[in-house]
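The figures here come from the full heavy-atom set of this structure, side chains too, leaving out hydrogens, waters and symmetry mates. As the structure is a computational prediction, the values presented were derived from the model and not from experiment.
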Amino acid sequence: MGILGVMRLSWNEIRANAIAFAREWRDEKREQAEAKTFWDEFFAVFGLRRRNVAAFEEPVKKLSGEWGHIDLFWPGTLIVEHKSRGKDLSQANAQAMAYIRGLIDSGRVDEAPRYVIVSDFERIALHDLEPAQDSDAPPTLEFPLGDLHKHIHAFGFIPGYQRHPFADQAPINIEAAERLGALRDALERLGYVGHDLERLLVRLLFCLFAEKTGIFDPRDAFSLYLQNHAREDGSDVGLHLVQIFELLDTPEVERSPNVPDDLRGLPYVNGELFKERLRIAHFDRGTKDALHRCARFDWSAISPAIFGALFQSVLDEKERRRIGAHYTSERNILKVVRSLFLDELRADFERAHGDRRRLKDLHERLSRLRLMDPACGCGNFLVISYRELRLLELDILQALDHGQQSTDIALLARVDVDQFFGIEIEQWPARIAEVAMWLMDHQMNLRVAEVFGRYFVRLPLRKSPTIICGNALRLDWTTILDPGKCSYVLGNPPFVGKKEQTDAQKEDLALIWGQGAGVLDYVTCWYRKAAAYIQGTRIRVGFVSTNSISQGEQVGVLWARLFAYKLKIHFAHTMFAWQSEARGRAHVHVVIIGFGAFDANNKTLFEYDTPKSEPHALRAKNINPYLADASDVLVTKRTRQVSGAPEISYGSMMIDKPRDAGDEEGLIIGEEERRLLLAECPALKPYVRRLYGGNEYINGVVRWCLWLAGAAPSLLRESPRLRARIDGVRRFRLASGRAQTRKLAATPMLFGEIRQPSTTYLLIPKVSSETRRYIPIGFLKPDVIASGSALIVPGASHYDFGVISSAMHNAWMRQVGGRMEIDYQYSSQIVYNNFVWPADPTPKQRQAVEAAAREVLAARKQFPATSLADLYDPVAMPAALARAHARLDRAVERCYRPQPFANDRQRIEHLFGLFEKATAPQM
C-alpha cells in the first residue's frame with residue numbers, strides 16, 4: 001500500500017503516466033498555466049492526490065525575519081518552488097534552501113525535507129539533501145520535462161517505493177577469473193586436461209590465495225620459490241609443484257629436515273586437498289608466464305565465490321547447459337540470502353543493540369543455524385551465507401566488547417564451516433565448494449584478527465563443510481542433515497527445459513513427479529524434494545529458478561502438487577535478468593521464490609520495473625504461485641472460455657518445409673517470388689493471398705502465401721514454378737516421421753491445418769514485446785490468411801476487441817501468460833480461456849466499450865504508414881492513441897465495477913477473485 005492507503009502504481013504505469021503528463025504540458029503549451037494545476041497532475045503521475053500529502057502556500061518565517069510562502073510543502077519530505085517559464089532555476093533552489101533554514105530556526109526541525117524540486121514548466125531539477133553514501137545517484141538531477149519518464153525512479157520517494165540496491169560483483173573478481181582462465185587455456189593447449197587439470201587449478205588457486213593472506217609464511221612464499229628455483233623455460237615447474245603439494249599434505253613433525261629453507265614456513269593444511277597424486281604438468285615458457293601473471297595478482301581482496309567463475313571458465317558452454325550450471329554472481333546470491341534470513345537477523349541485531357542478554361542469545365542462535373544447498377555447485381550460496389553470518393557475528397562481538405575481555409579469539413568466533421551442508425552431482429565443483437569455504441573462513445578469521453588485534457588462524461583444518469557428491473534427486477536429504485536441525489535450504493538448482501533435458505534428467509523428473517509432469521522444468525524436482533524435507537518444521541527455503549515456473553502452463557501443474565504439502569510463499573522476486581560472474585556469461589531470466597510449510601505474517605514481494613532494474617519491496621497479504629499479491633488460485637489449461645466469450649483458435653498451419661528453410665520453398669512466398677509466379681501464370685492472382693502471423697501483423701512485414709483451396713488442377717499444372725513448390729511440400733511431408741504428416745502429402749497444395757474463418761476475425765499475435773503496455777490486435781477480412789503464429793477469434797465484435805485490448809486483459813496476460821525469452825507469449829488455453837469477462841454489462845456499458853474501441857481503431861488510422869510496433873512503442877505512442885486507450889480502459893473497467901482501478905496490482909487482485917469464484921466448483 002502507498003501513502004495514506006493509496007495503492008501504488010507499478011513503475012511501468014508510472015512511466016506511462018509520466019510520458020502522457022509531459023506530452024500534455026508540451027503539446028498544449030499552457031501559457032497561462034497555474035503551478036497548482038501542474039503539481040496536482042504531477043502527483044497524479046504517481047497515483048497520488050496531492051492534497052493528501054502536500055499543501056500549497058505554506059507560510060514560513062525566513063532568516064530576514066520576513067514571512068514567505070513555500071509554493072508546495074510536504075512536511076519532512078519535500079519542498080517545491082515553481083518559477084515562470086524560462087526563469088533561472090538556481091534562484092528557485094536558493095529560495096527553497098532559505099525556507100528550509102527558516103523551518104529549522106523556527107523549531108520545525110522534524111518538518112525539514114530531504115528533497116527539493118524546482119521547475120519552470122519546461123525543466124525540472126531534483127535535489128537530494130541526504131544522499132545515501134552507497135548510492136551512485138547524483139545528489140542533483142536536472143532535465144527537460146519531456147525526459148521525466150527517463151528519470152522517474154529518482155522520484156520513488158513520492159509513491160513510497162523503497163530502493164533495494166544489491167552490490168554488484170567487484171571488477172577485481174572478474175579480472176582474477178580471467179587470469180585463471182588464461183592459465184587453464186595454456187595448460188589445456190599442452191594436453192593437460194580432465195580431472196588432473198581441475199584438481200591442479202584448485203590447488204594453485206589455494207596457494208595463490210594463501211600466500212597473499214598470511215596462511216603461508218613468508219608472504220609470497222609460493223610464487224617466490226617458483227621464481228627463484230624454476231627454469232626460465234618452465235620445463236621443471238611441474239616437478240616443483242609436486243614437491244610443494246606433498247609438503248602441504250605432510251604434518252610438520254613428519255617432514256624431512258632437508259626441506260628447502262624458503263618452503264619451511266608452509267603449514268600443514270589437511271582437509272585432503274593435497275592428498276591425491278596428480279599427473280605431472282609439463283609447463284613451457286608461456287604456461288609459466290601465465291602462472292606468474294596469476295601470482296602477481298593480489299588475491300587478498302578476492303571473494304572465494306570466484307571459484308564458481310573458475311569452474312564456469314573450465315566448462316564449455318555446451319557442458320554448462322547440459323548440467324544446467326547457471327552460476328550466480330554475489331549480487332544475485334545476496335537477493336536470496338538477504339530475503340531468506342539475513343535481513344531478519346540484521347534487524348534482530350539492531351533491536352538487541354545495547355542489551356547484552358539479547359546479543360548473547362542472538363550469538364547463540366547464529367551458532368545453532370544449519371544451512372543446506374542441495375545443488376551447491378562450487379558452493380557460492382554457502383560461501384556468501386557463511387561470510388555474511390561471520391560478519392554479523394563480528395558485529396555482535398564488537399557490540400559485546402569481547403575483544404577487551406578475552407585473549408582467545410577462537411572461543412569467541414563460534415560460527416564455523418561445519419554448520420553448512422551441500423549436495424553436488426559433480427566431483428570437481430564439490431571439492432571446489434570445500435576449498436572455497438575454507439578460504440572464506442580464513443578471510444573472516446583475518447577480519448576478526450584485524451578488529452581485535454590478535455592473530456587468528458584455523459590450521460590445520462579440523463572442521464569441514466559437509467559436501468556430498470551425488471544426485472540430490474536420488475539421495476535422502478534427511479541422512480545428510482536432520483530436518484530437525486536444519487534452519488534454511490537455499491540455492492540455485494539447475495533449470496533445464498523440457499526440450500533440453502537429457503535422458504537421465506527425464507528419468508529424474510519421472511522419479512520425482514511420476515506421470516503427467518512432462519511439461520515441468522528440471523528445477524521443479526528440487527521444489528518437490530524440499531517440500532517433503534521440510535514437513536513439520538519451521539525450515540524456510542529460497543530457490544533461484546527459471547521464470548517459466550511462475551508463468552504459463554507450468555504453474556498449474558507444479559503448484560497443484562506442491563499445495564498438497566501445505567506450502568506458503570513467504571517472499572518472492574519477480575522476473576529479473578541474471579548475471580553470472582564468469583567468462584561467457586549465461587543470459588537467463590529468473591525468479592526467486594521463498595517458501596515454507598507454514599504461513600508467515602510478513603510477506604514481501606520484490607518487484608522489478610524492468611528485468612535489469614533494482615527491485616522494490618512491497619508488503620503483501622498473500623503471494624500466489626504467479627508471484628502476485630492475490631489468493632492461491634491456479635490457472636490451468638482450459639478448452640472452453642470460462643465466461644462463454646467467443647471461441648479462439650490458432651491460425652492455419654502450413655507444415656510445408658523445415659523450420660530453418662526460407663521463402664524459397666514451401667507455400668509462403670516473398671514479394672519477388674509473387675511477381676515471378678504471376679508473370680508466369682496471371683490466373684494465380686486470386687490464390688496468392690496476404691499472410692499475417694504475429695510478426696507480420698505487428699511489424700508491417702509483407703508476406704504472401706499460396707492459398708490454393710478450390711484451385712482447378714489444370715491451374716496447378718500451368719506454372720512450373722508452382723509445381724516445383726508443391727512437389728517440395730509433398731516430398732517434405734512424405735519424409736516426416738509423423739504418420740499424420742505423411743497423410744498430408746496427398747494434398748501438398750493445401751495448408752496442413754486449415755482454420756481460416758469465412759467471416760471477419762480478430763487477430764492476436766502470440767508473441768509481443770515485454771515493453772508494450774498493450775498487445776496490438778485488430779480485425780482482418782477473411783481473404784487475409786492468418787498463420788499459426790497468431791491466434792484468431794472469428795466473428796468478434798467491437799466489444800470483444802475492446803475487452804481484449806483493455807488494461808484489464810493485458811494485466812491478466814502479463815501475470816498468467818508464458819514468455820518467449822522475455823517477450824509476452826499469449827495463449828488460448830491459459831490466457832484467453834481463463835480470463836473472466838465482465839458479468840452482465842448493461843447495454844449502456846457495452847456501447848461505451850464499443851465506442852471507445854472504435855476510437856482506438858480510428859486513432860491508428862491517422863498513421864497509415866506507421867507499423868503497430870511503432871504505434872505501441874511506450875515512448876513513441878501518439879497522444880491520440882494513448883488517450884483512446886485510456887478511455888477504453890475506463891469503459892471496460894466500469895463493466896467490472898464503478899470504482900476505477902489504480903494500477904495493475906488492483907486489476908490482478910480483482911481478476912483472481914473473479915476467477916476463483918468462476919472456477920470454485922472445479923477447484
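The aromatic rings of His885 and Tyr774 sit parallel to each other, their planes meeting at less than 30°, with 60° as the upper class boundary. Ring geometry for Phe46 versus Phe155: interplanar angle of 30 to 60°, hence tilted. Taking the six-membered ring for Trp and thresholds of 30 and 60 degrees, Tyr608 and His573 have ring planes inclined between 30 and 60 degrees apart. Between His809 and Tyr826, the angle of the ring planes lies from 30° to 60°, which puts this pair in the tilted group. A tilted orientation is assigned to the rings of Trp559 and Phe563, their planes being inclined by 30° to 60°. Ring geometry for Tyr896 versus Phe835: interplanar angle over 60°, hence perpendicular rather than tilted (30 to 60°).
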Taking it one step at a time, do Lys568 and Asp632 satisfy salt bridge (charged side-chain N to carboxylate O under 4.0 Å, His left out)?
CA-CA 9 Å; Lys568 293 295 291 185; Asp632 289 330; 2.7 Å; yes
Would Arg640 and Glu647 satisfy salt bridge (charged side-chain N to carboxylate O under 4.0 Å, His left out), going step by step from the backbone distance to the final call?
CA-CA 7 Å; Arg640 296 283 182 180; Glu647 290 190 8; 2.4 Å; yes
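Panel note: side chain Asp873, backbone Ala876; a donor-acceptor pair is recorded below 3.5 Å.
Atom CZ of Arg897 has more than 12 neighbouring heavy atoms from other residues, nucleotides or ligands inside a 6.0 Å radius.
Between Arg690 and Glu696, no side-chain nitrogen of the basic residue sits less than 4.0 Å from a carboxylate oxygen of the acidic one, so the salt-bridge criterion is not met. Salt bridge present: Arg331 and Glu614 bring a charged side-chain N and a carboxylate O closer than 4.0 Å. Under the 4.0 Å criterion applied to side-chain N and carboxylate O atoms, Arg907 and Asp889 are not assigned as salt-bridge partners. With respect to the salt-bridge test (charged N to carboxylate O, under 4.0 angstrom), the residues Asp904 and Arg814 qualify.
With Ile549 as the fixed residue, the side chain to side chain contact (heavy atoms under 4.5 Å, CB included) test singles out one of Tyr527, Phe543, Phe495: Tyr527.
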